[in-house]
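Inspection log for the structure reproduced underneath, given as C-alpha coordinates.
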2 protein chains.
Amino acid sequence: MEKKLRTKDKIVQASIELFNAQGERAVTTNHIAAHLGISPGNLYYHFRNKEDILRHIFKEYCKLLDSRIQPPGDRSEALDALANYLDVVFELMWRFHFFYANLPDILARDLSLHKEYQAVQEQVLQRVVKILQALRQAGVLELPEADLAEFAHTIKLLVTFWISYLKTQAPDKSIDQASVYQGVLKVLLLFKPYASKLAQPRIQQLQEHYQQLAEQTATPALV
Amino acid sequence: MEKKLRTKDKIVQASIELFNAQGERAVTTNHIAAHLGISPGNLYYHFRNKEDILRHIFKEYCKLLDSRIQPPGDRSEALDALANYLDVVFELMWRFHFFYANLPDILARDLSLHKEYQAVQEQVLQRVVKILQALRQAGVLELPEADLAEFAHTIKLLVTFWISYLKTQAPDKSIDQASVYQGVLKVLLLFKPYASKLAQPRIQQLQEHYQQLAEQTATPALV
DNA sequence: GTCTATAATAGGATAGAC
DNA sequence: GTCTATCCTATTATAGAC
(Lines give C-alpha, C1' and ligand atoms only; values in the text may rest on other atoms or scores of the structure.)
Protein backbone atom coordinates (compact mmCIF):
# COMPACT_ATOMS: atom_id res chain seq x y z
CA MET A 1 0.00 0.00 0.00
CA GLU A 2 2.90 2.33 -0.68
CA LYS A 3 2.44 3.48 -4.25
CA LYS A 4 -0.80 3.75 -6.24
CA LEU A 5 -1.25 7.39 -5.48
CA ARG A 6 -4.19 8.93 -7.20
CA THR A 7 -3.44 11.96 -9.35
CA LYS A 8 -4.93 14.22 -6.74
CA ASP A 9 -2.48 12.99 -4.12
CA LYS A 10 0.40 13.16 -6.55
CA ILE A 11 -0.40 16.80 -7.17
CA VAL A 12 -0.32 17.51 -3.46
CA GLN A 13 2.98 15.71 -2.95
CA ALA A 14 4.63 17.31 -5.98
CA SER A 15 3.44 20.72 -4.85
CA ILE A 16 5.02 20.30 -1.43
CA GLU A 17 8.28 19.25 -3.05
CA LEU A 18 8.36 22.10 -5.52
CA PHE A 19 7.23 24.68 -2.99
CA ASN A 20 9.97 23.63 -0.60
CA ALA A 21 12.60 23.58 -3.29
CA GLN A 22 11.78 26.81 -5.11
CA GLY A 23 9.50 28.74 -2.85
CA GLU A 24 5.71 28.69 -3.01
CA ARG A 25 5.52 31.98 -4.86
CA ALA A 26 7.80 30.86 -7.65
CA VAL A 27 5.82 27.71 -8.42
CA THR A 28 2.75 28.02 -10.63
CA THR A 29 0.04 25.51 -11.38
CA ASN A 30 1.64 25.00 -14.77
CA HIS A 31 4.97 24.17 -13.19
CA ILE A 32 3.34 21.59 -10.99
CA ALA A 33 1.55 20.01 -13.92
CA ALA A 34 4.69 19.99 -16.05
CA HIS A 35 6.68 18.45 -13.22
CA LEU A 36 4.20 15.61 -13.03
CA GLY A 37 3.94 15.26 -16.80
CA ILE A 38 0.24 16.01 -16.78
CA SER A 39 -1.68 18.81 -18.44
CA PRO A 40 -2.75 22.02 -16.68
CA GLY A 41 -6.31 21.13 -17.51
CA ASN A 42 -5.93 17.89 -15.63
CA LEU A 43 -4.63 19.71 -12.58
CA TYR A 44 -7.60 22.03 -12.71
CA TYR A 45 -9.89 19.05 -12.86
CA HIS A 46 -8.67 18.05 -9.41
CA PHE A 47 -8.24 21.48 -7.82
CA ARG A 48 -10.06 24.74 -8.34
CA ASN A 49 -6.80 26.70 -8.14
CA LYS A 50 -3.50 26.99 -6.34
CA GLU A 51 -5.06 28.15 -3.10
CA ASP A 52 -7.13 25.02 -3.12
CA ILE A 53 -3.93 22.99 -3.24
CA LEU A 54 -2.46 25.02 -0.39
CA ARG A 55 -5.52 24.40 1.71
CA HIS A 56 -5.21 20.67 1.14
CA ILE A 57 -1.55 20.78 2.12
CA PHE A 58 -2.37 22.68 5.29
CA LYS A 59 -4.99 20.09 6.18
CA GLU A 60 -2.42 17.36 5.79
CA TYR A 61 0.01 19.31 7.94
CA CYS A 62 -2.60 19.65 10.68
CA LYS A 63 -3.41 15.97 10.59
CA LEU A 64 0.24 15.07 10.99
CA LEU A 65 0.68 17.54 13.83
CA ASP A 66 -2.29 16.18 15.70
CA SER A 67 -1.31 12.58 15.26
CA ARG A 68 2.28 13.04 16.36
CA ILE A 69 1.93 15.15 19.47
CA GLN A 70 1.51 13.05 22.55
CA PRO A 71 -1.66 13.68 24.50
CA PRO A 72 -0.91 15.90 27.47
CA GLY A 73 -1.22 14.79 31.07
CA ASP A 74 -0.05 11.23 30.67
CA ARG A 75 2.47 9.81 33.07
CA SER A 76 5.57 11.19 31.34
CA GLU A 77 7.77 13.83 32.85
CA ALA A 78 7.03 17.47 32.03
CA LEU A 79 10.34 17.97 30.26
CA ASP A 80 9.71 14.92 28.09
CA ALA A 81 6.49 16.48 26.92
CA LEU A 82 8.47 19.56 25.95
CA ALA A 83 11.04 17.50 24.07
CA ASN A 84 8.36 15.56 22.24
CA TYR A 85 6.66 18.78 21.31
CA LEU A 86 9.82 20.38 19.98
CA ASP A 87 10.69 17.27 18.01
CA VAL A 88 7.35 17.09 16.30
CA VAL A 89 7.01 20.79 15.60
CA PHE A 90 10.47 21.21 14.14
CA GLU A 91 10.36 18.08 12.08
CA LEU A 92 7.08 19.11 10.48
CA MET A 93 8.44 22.60 10.09
CA TRP A 94 11.21 21.14 8.00
CA ARG A 95 8.87 19.04 5.88
CA PHE A 96 6.66 22.03 5.16
CA HIS A 97 9.20 24.78 5.37
CA PHE A 98 7.88 26.61 2.32
CA PHE A 99 4.86 27.43 4.40
CA TYR A 100 6.89 29.01 7.18
CA ALA A 101 9.18 30.76 4.74
CA ASN A 102 6.43 33.05 3.53
CA LEU A 103 3.64 32.72 6.04
CA PRO A 104 2.18 36.25 6.02
CA ASP A 105 2.18 36.30 2.24
CA ILE A 106 0.43 32.97 1.90
CA LEU A 107 -2.18 33.82 4.50
CA ALA A 108 -2.81 37.27 3.05
CA ARG A 109 -3.91 35.74 -0.24
CA ASP A 110 -6.50 33.39 1.21
CA LEU A 111 -8.79 34.55 3.95
CA SER A 112 -10.33 31.13 4.44
CA LEU A 113 -6.91 29.54 4.95
CA HIS A 114 -5.98 32.36 7.30
CA LYS A 115 -9.06 31.73 9.43
CA GLU A 116 -8.24 28.05 9.60
CA TYR A 117 -4.66 28.82 10.50
CA GLN A 118 -5.81 31.17 13.21
CA ALA A 119 -8.08 28.55 14.72
CA VAL A 120 -5.26 26.02 14.79
CA GLN A 121 -2.93 28.56 16.34
CA GLU A 122 -5.41 29.10 19.14
CA GLN A 123 -5.08 25.43 19.99
CA VAL A 124 -1.32 25.57 19.66
CA LEU A 125 -1.15 28.43 22.13
CA GLN A 126 -3.20 26.47 24.62
CA ARG A 127 -0.98 23.48 24.17
CA VAL A 128 2.12 25.57 24.84
CA VAL A 129 0.51 27.12 27.91
CA LYS A 130 -0.32 23.66 29.24
CA ILE A 131 3.25 22.51 28.82
CA LEU A 132 4.56 25.62 30.55
CA GLN A 133 2.17 25.16 33.43
CA ALA A 134 3.27 21.57 33.81
CA LEU A 135 6.90 22.65 33.84
CA ARG A 136 6.10 25.25 36.46
CA GLN A 137 4.28 22.83 38.67
CA ALA A 138 7.05 20.30 38.33
CA GLY A 139 9.46 22.91 39.65
CA VAL A 140 11.41 22.99 36.41
CA LEU A 141 10.63 26.56 35.47
CA GLU A 142 10.52 29.46 37.89
CA LEU A 143 8.25 31.57 35.79
CA PRO A 144 5.76 34.04 37.28
CA GLU A 145 2.24 32.88 36.52
CA ALA A 146 1.42 36.38 35.31
CA ASP A 147 4.03 36.18 32.55
CA LEU A 148 3.18 32.70 31.39
CA ALA A 149 0.76 33.52 28.59
CA GLU A 150 2.96 36.27 27.21
CA PHE A 151 5.94 33.95 27.34
CA ALA A 152 3.98 31.37 25.39
CA HIS A 153 3.40 33.92 22.66
CA THR A 154 7.09 34.69 22.53
CA ILE A 155 7.91 31.03 22.06
CA LYS A 156 5.30 30.73 19.38
CA LEU A 157 6.65 33.74 17.52
CA LEU A 158 10.19 32.46 17.73
CA VAL A 159 9.22 29.05 16.41
CA THR A 160 6.93 30.34 13.69
CA PHE A 161 9.44 32.74 12.20
CA TRP A 162 12.64 30.83 12.73
CA ILE A 163 12.70 29.78 9.09
CA SER A 164 11.91 33.28 7.92
CA TYR A 165 14.73 34.58 10.06
CA LEU A 166 17.14 32.10 8.56
CA LYS A 167 16.12 33.16 5.08
CA THR A 168 16.55 36.86 5.75
CA GLN A 169 19.97 36.30 7.27
CA ALA A 170 21.41 34.34 4.38
CA PRO A 171 20.49 35.31 0.82
CA ASP A 172 22.86 32.79 -0.65
CA LYS A 173 22.63 29.46 1.02
CA SER A 174 19.34 27.63 1.09
CA ILE A 175 18.22 26.28 4.42
CA ASP A 176 18.73 22.67 5.37
CA GLN A 177 17.41 20.39 8.06
CA ALA A 178 20.31 21.07 10.39
CA SER A 179 19.82 24.81 10.34
CA VAL A 180 16.14 24.33 11.06
CA TYR A 181 17.04 22.32 14.15
CA GLN A 182 19.11 25.22 15.42
CA GLY A 183 15.78 26.80 16.14
CA VAL A 184 15.23 24.35 18.95
CA LEU A 185 18.35 25.69 20.61
CA LYS A 186 16.95 29.19 20.40
CA VAL A 187 13.82 28.00 22.17
CA LEU A 188 15.84 26.32 24.87
CA LEU A 189 17.78 29.54 25.40
CA LEU A 190 14.46 31.17 26.15
CA PHE A 191 13.85 28.63 28.90
CA LYS A 192 17.31 28.74 30.37
CA PRO A 193 17.08 31.81 32.61
CA TYR A 194 13.88 30.46 34.12
CA ALA A 195 15.27 27.02 34.84
CA SER A 196 15.44 26.01 38.48
CA LYS A 197 18.78 24.76 39.86
CA LEU A 198 17.23 21.35 39.94
CA ALA A 199 16.37 21.36 36.27
CA GLN A 200 19.49 22.96 34.87
CA PRO A 201 21.33 19.69 34.18
CA ARG A 202 18.34 18.33 32.28
CA ILE A 203 18.03 21.48 30.21
CA GLN A 204 21.75 21.27 29.52
CA GLN A 205 21.24 17.71 28.41
CA LEU A 206 18.49 18.66 26.01
CA GLN A 207 20.67 21.45 24.69
CA GLU A 208 23.45 19.02 23.90
CA HIS A 209 21.05 16.64 22.26
CA TYR A 210 19.78 19.23 19.83
CA GLN A 211 23.23 20.70 19.39
CA GLN A 212 24.23 17.40 17.85
CA LEU A 213 21.24 17.35 15.54
CA ALA A 214 21.96 20.90 14.49
CA GLU A 215 25.58 20.20 13.71
CA GLN A 216 25.05 17.21 11.51
CA THR A 217 25.25 17.83 7.84
CA ALA A 218 21.67 17.48 6.81
CA THR A 219 20.83 14.06 5.52
CA PRO A 220 17.34 14.25 4.08
CA ALA A 221 14.99 12.19 6.19
CA LEU A 222 13.02 9.46 4.53
CA VAL A 223 9.93 11.52 4.13
CA MET B 1 11.08 74.12 2.70
CA GLU B 2 8.21 71.78 3.45
CA LYS B 3 6.52 71.18 0.12
CA LYS B 4 8.01 71.39 -3.38
CA LEU B 5 8.67 67.71 -3.55
CA ARG B 6 10.00 66.62 -6.86
CA THR B 7 8.01 63.93 -8.61
CA LYS B 8 10.60 61.37 -7.71
CA ASP B 9 10.17 62.07 -4.02
CA LYS B 10 6.41 62.13 -4.34
CA ILE B 11 6.54 58.67 -5.85
CA VAL B 12 8.57 57.41 -2.93
CA GLN B 13 6.26 58.96 -0.36
CA ALA B 14 3.10 57.75 -2.09
CA SER B 15 4.56 54.28 -2.38
CA ILE B 16 5.25 54.10 1.35
CA GLU B 17 1.70 55.24 2.08
CA LEU B 18 0.08 52.78 -0.29
CA PHE B 19 2.34 49.89 0.70
CA ASN B 20 1.54 50.45 4.36
CA ALA B 21 -2.18 50.78 3.72
CA GLN B 22 -2.70 47.92 1.29
CA GLY B 23 0.39 45.77 1.53
CA GLU B 24 3.37 46.00 -0.80
CA ARG B 25 2.30 43.06 -2.88
CA ALA B 26 -1.12 44.48 -3.64
CA VAL B 27 0.21 47.80 -4.94
CA THR B 28 1.43 47.96 -8.53
CA THR B 29 3.35 50.69 -10.30
CA ASN B 30 0.11 51.59 -12.06
CA HIS B 31 -1.64 52.04 -8.73
CA ILE B 32 1.06 54.34 -7.52
CA ALA B 33 0.91 56.42 -10.67
CA ALA B 34 -2.88 56.60 -10.56
CA HIS B 35 -2.80 57.61 -6.91
CA LEU B 36 -0.52 60.51 -7.75
CA GLY B 37 -2.45 61.44 -10.88
CA ILE B 38 0.54 60.84 -13.10
CA SER B 39 1.03 58.43 -15.96
CA PRO B 40 2.76 55.06 -15.66
CA GLY B 41 5.24 56.26 -18.25
CA ASN B 42 6.17 59.13 -16.00
CA LEU B 43 6.76 56.83 -13.08
CA TYR B 44 9.01 54.69 -15.23
CA TYR B 45 10.93 57.78 -16.23
CA HIS B 46 11.97 58.19 -12.58
CA PHE B 47 12.36 54.55 -11.60
CA ARG B 48 13.40 51.50 -13.55
CA ASN B 49 10.77 49.38 -11.83
CA LYS B 50 9.08 48.65 -8.54
CA GLU B 51 12.16 47.09 -7.02
CA ASP B 52 14.00 50.29 -7.73
CA ILE B 53 11.39 52.15 -5.68
CA LEU B 54 11.74 49.65 -2.85
CA ARG B 55 15.48 50.08 -2.83
CA HIS B 56 15.07 53.84 -2.52
CA ILE B 57 12.65 53.38 0.35
CA PHE B 58 15.05 51.08 2.12
CA LYS B 59 17.83 53.64 1.71
CA GLU B 60 15.63 56.26 3.31
CA TYR B 61 14.81 53.89 6.13
CA CYS B 62 18.49 53.27 6.77
CA LYS B 63 19.29 56.95 6.79
CA LEU B 64 16.59 57.59 9.36
CA LEU B 65 17.74 54.70 11.50
CA ASP B 66 21.32 55.90 11.49
CA SER B 67 20.44 59.47 12.27
CA ARG B 68 18.13 58.67 15.14
CA ILE B 69 20.10 56.14 17.11
CA GLN B 70 22.35 57.75 19.64
CA PRO B 71 26.01 56.98 19.26
CA PRO B 72 27.02 54.31 21.74
CA GLY B 73 29.39 54.88 24.60
CA ASP B 74 28.39 58.40 25.48
CA ARG B 75 27.80 59.33 29.08
CA SER B 76 24.19 58.09 29.28
CA GLU B 77 23.16 55.13 31.37
CA ALA B 78 23.11 51.71 29.76
CA LEU B 79 19.37 51.30 30.18
CA ASP B 80 18.78 54.67 28.54
CA ALA B 81 20.64 53.46 25.50
CA LEU B 82 18.30 50.49 25.42
CA ALA B 83 15.23 52.68 25.71
CA ASN B 84 16.44 54.99 22.99
CA TYR B 85 17.13 52.05 20.76
CA LEU B 86 13.72 50.51 21.29
CA ASP B 87 12.02 53.86 20.68
CA VAL B 88 13.77 54.44 17.40
CA VAL B 89 13.45 50.91 16.09
CA PHE B 90 9.77 50.55 16.84
CA GLU B 91 8.80 53.98 15.60
CA LEU B 92 10.50 53.35 12.28
CA MET B 93 9.01 49.89 12.21
CA TRP B 94 5.61 51.53 12.36
CA ARG B 95 6.40 54.05 9.63
CA PHE B 96 7.64 51.29 7.31
CA HIS B 97 5.55 48.44 8.54
CA PHE B 98 4.78 47.16 5.05
CA PHE B 99 8.41 46.16 4.86
CA TYR B 100 8.28 44.08 8.02
CA ALA B 101 4.91 42.63 7.12
CA ASN B 102 6.35 40.69 4.20
CA LEU B 103 10.07 40.77 4.65
CA PRO B 104 11.07 37.35 3.26
CA ASP B 105 8.90 37.87 0.21
CA ILE B 106 10.30 41.31 -0.56
CA LEU B 107 13.88 40.19 -0.11
CA ALA B 108 13.39 37.03 -2.16
CA ARG B 109 12.47 39.10 -5.20
CA ASP B 110 15.53 41.34 -5.19
CA LEU B 111 18.93 39.88 -4.49
CA SER B 112 20.64 43.25 -4.45
CA LEU B 113 18.22 44.57 -1.83
CA HIS B 114 18.68 41.40 0.15
CA LYS B 115 22.45 41.86 0.17
CA GLU B 116 22.05 45.42 1.37
CA TYR B 117 19.61 44.33 4.03
CA GLN B 118 21.98 41.66 5.18
CA ALA B 119 24.86 44.14 5.49
CA VAL B 120 22.72 46.48 7.56
CA GLN B 121 21.59 43.61 9.77
CA GLU B 122 25.18 42.77 10.47
CA GLN B 123 25.61 46.24 11.92
CA VAL B 124 22.35 45.97 13.80
CA LEU B 125 23.50 42.77 15.44
CA GLN B 126 26.70 44.40 16.55
CA ARG B 127 24.78 47.34 17.94
CA VAL B 128 22.55 45.02 19.95
CA VAL B 129 25.55 43.10 21.23
CA LYS B 130 27.16 46.35 22.34
CA ILE B 131 24.06 47.38 24.23
CA LEU B 132 23.86 43.99 25.92
CA GLN B 133 27.50 44.11 26.90
CA ALA B 134 27.00 47.56 28.40
CA LEU B 135 24.00 46.31 30.35
CA ARG B 136 26.03 43.40 31.59
CA GLN B 137 28.95 45.52 32.68
CA ALA B 138 26.60 47.95 34.39
CA GLY B 139 25.28 45.05 36.44
CA VAL B 140 21.82 45.37 34.96
CA LEU B 141 21.72 42.02 33.21
CA GLU B 142 23.06 38.80 34.65
CA LEU B 143 23.60 37.15 31.33
CA PRO B 144 26.36 34.61 30.69
CA GLU B 145 28.85 36.02 28.22
CA ALA B 146 28.62 32.80 26.25
CA ASP B 147 24.92 33.27 25.59
CA LEU B 148 25.11 36.93 24.69
CA ALA B 149 25.41 36.68 20.93
CA GLU B 150 22.70 34.06 20.68
CA PHE B 151 20.47 36.18 22.88
CA ALA B 152 21.05 39.14 20.56
CA HIS B 153 19.82 37.05 17.65
CA THR B 154 16.71 36.13 19.57
CA ILE B 155 15.95 39.77 20.22
CA LYS B 156 16.52 40.62 16.60
CA LEU B 157 14.21 37.85 15.45
CA LEU B 158 11.50 38.92 17.86
CA VAL B 159 11.70 42.53 16.77
CA THR B 160 11.94 41.79 13.06
CA PHE B 161 8.91 39.53 12.96
CA TRP B 162 6.69 41.17 15.51
CA ILE B 163 4.60 42.77 12.77
CA SER B 164 4.39 39.53 10.86
CA TYR B 165 3.27 37.78 14.01
CA LEU B 166 0.56 40.34 14.58
CA LYS B 167 -0.66 39.87 11.03
CA THR B 168 -0.81 36.10 11.26
CA GLN B 169 -2.70 36.26 14.54
CA ALA B 170 -5.44 38.56 13.36
CA PRO B 171 -6.78 38.18 9.82
CA ASP B 172 -9.44 40.79 10.38
CA LYS B 173 -8.12 43.84 12.12
CA SER B 174 -5.30 45.80 10.56
CA ILE B 175 -2.40 46.66 12.77
CA ASP B 176 -2.09 50.07 14.37
CA GLN B 177 0.66 51.96 16.10
CA ALA B 178 -0.40 50.80 19.56
CA SER B 179 -0.22 47.13 18.66
CA VAL B 180 3.21 47.68 17.19
CA TYR B 181 4.37 49.13 20.48
CA GLN B 182 3.26 45.99 22.26
CA GLY B 183 6.32 44.46 20.65
CA VAL B 184 8.52 46.48 22.97
CA LEU B 185 6.86 44.76 25.91
CA LYS B 186 7.71 41.40 24.40
CA VAL B 187 11.34 42.45 24.18
CA LEU B 188 11.34 43.60 27.79
CA LEU B 189 9.92 40.25 28.84
CA LEU B 190 12.98 38.68 27.26
CA PHE B 191 15.19 40.80 29.49
CA LYS B 192 13.22 40.30 32.66
CA PRO B 193 14.57 36.94 33.85
CA TYR B 194 18.10 38.21 33.41
CA ALA B 195 17.57 41.44 35.34
CA SER B 196 19.58 41.87 38.50
CA LYS B 197 17.71 42.73 41.71
CA LEU B 198 19.19 46.17 41.41
CA ALA B 199 17.76 46.75 37.95
CA GLN B 200 14.34 45.24 38.40
CA PRO B 201 12.60 48.48 39.42
CA ARG B 202 14.01 50.26 36.36
CA ILE B 203 12.89 47.48 34.06
CA GLN B 204 9.50 47.59 35.68
CA GLN B 205 9.44 51.32 35.05
CA LEU B 206 10.24 50.87 31.38
CA GLN B 207 7.56 48.22 31.16
CA GLU B 208 4.95 50.59 32.53
CA HIS B 209 6.08 53.31 30.19
CA TYR B 210 5.58 51.19 27.09
CA GLN B 211 2.45 49.64 28.52
CA GLN B 212 0.90 53.09 28.36
CA LEU B 213 2.02 53.64 24.78
CA ALA B 214 0.64 50.25 23.83
CA GLU B 215 -2.72 50.90 25.42
CA GLN B 216 -3.43 54.20 23.79
CA THR B 217 -5.75 54.13 20.87
CA ALA B 218 -3.43 54.78 18.01
CA THR B 219 -3.34 58.39 16.99
CA PRO B 220 -1.38 58.58 13.77
CA ALA B 221 1.85 60.40 14.39
CA LEU B 222 2.63 63.45 12.31
CA VAL B 223 4.84 61.62 9.94
C1' DG C 1 -9.74 11.39 -15.99
C1' DT C 2 -7.02 13.38 -19.20
C1' DC C 3 -5.64 16.05 -23.15
C1' DT C 4 -5.24 20.17 -26.47
C1' DA C 5 -6.16 24.57 -27.40
C1' DT C 6 -7.14 28.82 -26.13
C1' DA C 7 -9.18 32.91 -23.73
C1' DA C 8 -8.88 36.43 -20.34
C1' DT C 9 -6.33 39.22 -17.35
C1' DA C 10 -3.14 41.86 -15.21
C1' DG C 11 1.05 43.50 -14.47
C1' DG C 12 5.46 45.30 -16.06
C1' DA C 13 7.64 48.03 -19.22
C1' DT C 14 8.79 50.96 -23.49
C1' DA C 15 8.41 54.17 -27.75
C1' DG C 16 7.56 58.34 -29.43
C1' DA C 17 4.91 62.70 -29.36
C1' DC C 18 4.53 66.94 -26.80
C1' DG D 1 9.39 65.84 -17.43
C1' DT D 2 5.22 64.15 -18.77
C1' DC D 3 1.61 61.93 -21.51
C1' DT D 4 -0.72 58.50 -24.64
C1' DA D 5 -0.71 54.39 -26.63
C1' DT D 6 0.76 50.06 -26.81
C1' DC D 7 3.26 45.64 -26.30
C1' DC D 8 5.08 41.74 -24.14
C1' DT D 9 4.81 38.25 -20.93
C1' DA D 10 3.40 35.14 -17.35
C1' DT D 11 -0.35 33.17 -15.05
C1' DT D 12 -4.84 31.65 -14.35
C1' DA D 13 -8.51 29.32 -15.88
C1' DT D 14 -12.00 27.12 -19.06
C1' DA D 15 -14.22 24.61 -23.19
C1' DG D 16 -14.68 20.71 -25.63
C1' DA D 17 -12.66 16.50 -27.72
C1' DC D 18 -11.10 11.85 -26.51
Side-chain angles (χ1 to χ4, degrees), chain A residues 3-58 98-99 101-102 105-114, chain B residues 3-58 98-99 101-102 105-114:
Chain A
K3 283 288 141 42
K4 286 294 159 212
L5 284 178
R6 292 167 310 148
T7 300
K8 184 157 185 173
D9 296 319
K10 282 200 286 189
I11 292 170
V12 169
Q13 293 313 313
S15 299
I16 295 174
E17 266 176 52
L18 292 173
F19 290 163
N20 277 335
Q22 305 170 33
E24 178 270 338
R25 198 87 206 201
V27 177
T28 70
T29 48
N30 277 11
H31 293 151
I32 299 167
H35 179 81
L36 283 171
I38 68 173
S39 67
N42 193 357
L43 185 145
Y44 277 95
Y45 171 80
H46 292 285
F47 295 93
R48 304 172 78 88
N49 49 38
K50 194 171 154 189
E51 291 171 8
D52 195 16
I53 298 177
L54 281 167
R55 280 193 288 265
H56 272 76
I57 293 177
F58 184 67
F98 80 87
F99 189 69
N102 244 340
D105 185 40
I106 291 173
L107 296 183
R109 271 177 289 143
D110 184 351
L111 183 59
S112 119
L113 178 60
H114 200 157
Chain B
K3 285 287 141 45
K4 286 295 156 206
L5 284 177
R6 291 167 311 148
T7 299
K8 185 158 184 174
D9 296 318
K10 282 200 286 191
I11 292 171
V12 169
Q13 293 314 311
S15 298
I16 295 174
E17 267 176 53
L18 292 174
F19 289 164
N20 277 335
Q22 304 170 34
E24 179 270 339
R25 200 85 206 203
V27 176
T28 70
T29 48
N30 278 9
H31 292 151
I32 299 166
H35 180 80
L36 284 170
I38 67 174
S39 66
N42 193 357
L43 185 146
Y44 276 95
Y45 171 78
H46 291 287
F47 295 93
R48 302 171 79 91
N49 50 38
K50 194 172 154 188
E51 291 171 7
D52 195 17
I53 298 177
L54 281 166
R55 280 194 288 265
H56 272 77
I57 293 177
F58 184 66
F98 79 88
F99 189 69
N102 245 341
D105 184 39
I106 291 173
L107 296 183
R109 272 177 289 142
D110 183 351
L111 183 58
S112 120
L113 178 61
H114 200 157

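Nothing here was measured: the structure is a model prediction, and the numbers come from that model.
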Listed by chain and number, what are the side-chain contact (heavy atoms from CB on, under 4.5 Å) partners of B:S39, not counting sequence neighbours?
-> B:N42
Of all heavy-atom pairs between A:L43 and A:I38, which one has the smallest distance, and what is that distance?
-> N-CD1, 4.2 Å
Sorted by number, the residues of residues 40-48 of chain A with heavy-atom contact under 4.0 Å to DNA chain D = A:G41, A:Y44
What residues in residues 18-38 of chain A put a non-hydrogen atom under 4.0 Å from any atom of DNA chain D?
-> A:T28, A:T29, A:N30
Could you state the interatomic distance from CD1 (B:I106) to CZ (B:F58), rounded to the nearest 0.5 Å?
-> 10.5 Å
Compile the donor-acceptor pairs under 3.5 Å between side chains in residues 26-36 of chain B and protein atoms, sequence neighbours left out, one pair per line.
| from | atom 1 | to | atom 2 | distance (Å) |
| --- | --- | --- | --- | --- |
| B:T28 | OG1 | B:N30 | N | 3.3 |
| B:T28 | OG1 | B:H31 | N | 3.1 |
| B:T28 | OG1 | B:H31 | ND1 | 3.4 |
| B:T29 | OG1 | B:Y44 | OH | 3.2 |
| B:H31 | ND1 | B:A26 | O | 3.3 |
| B:H31 | ND1 | B:T28 | N | 3.0 |

Any B:T7 side-chain heavy atom under 4.5 Å of B:Y45 side chain = no
Residue pairs passing the salt bridge (Lys or Arg N to Asp or Glu O under 4.0 Å) test with at least one member in residues 45-56 of chain B, sequence neighbours excluded, are B:E24-B:K50, B:R55-B:D110
Across all chains, not counting sequence neighbours, the salt bridge (charged side-chain N to carboxylate O under 4.0 Å, His left out) partners of B:D105 are B:R25, B:R109
Partners of A:H46 by ring-ring contact (aromatic ring centres under 6.0 Å, His included), sequence neighbours excluded?
-> none
Could you tell me which residues satisfy side-chain contact (heavy atoms from CB on, under 4.5 Å) with A:N20, sequence neighbours excluded, listed by chain and number?
-> A:I16, A:H97, A:F98
Between its two end axes (five pairs each) the helix from C:dG1-D:dC18 to C:dC18-D:dG1 turns, nearest 10 degrees, through 0°
Quick one: salt bridge (Lys or Arg N to Asp or Glu O under 4.0 Å) pairs with a partner in residues 6-22 of chain A, sequence neighbours left out?
-> A:R6-A:D9
Across all chains, not counting sequence neighbours, the ring-ring contact (aromatic ring centres under 6.0 Å, His included) partners of A:H114 are none
Bounded by its outermost nucleotides with an atom under 4.0 Å from a heavy atom of chain B, the footprint on DNA chain C reads C:dG11 to C:dT14
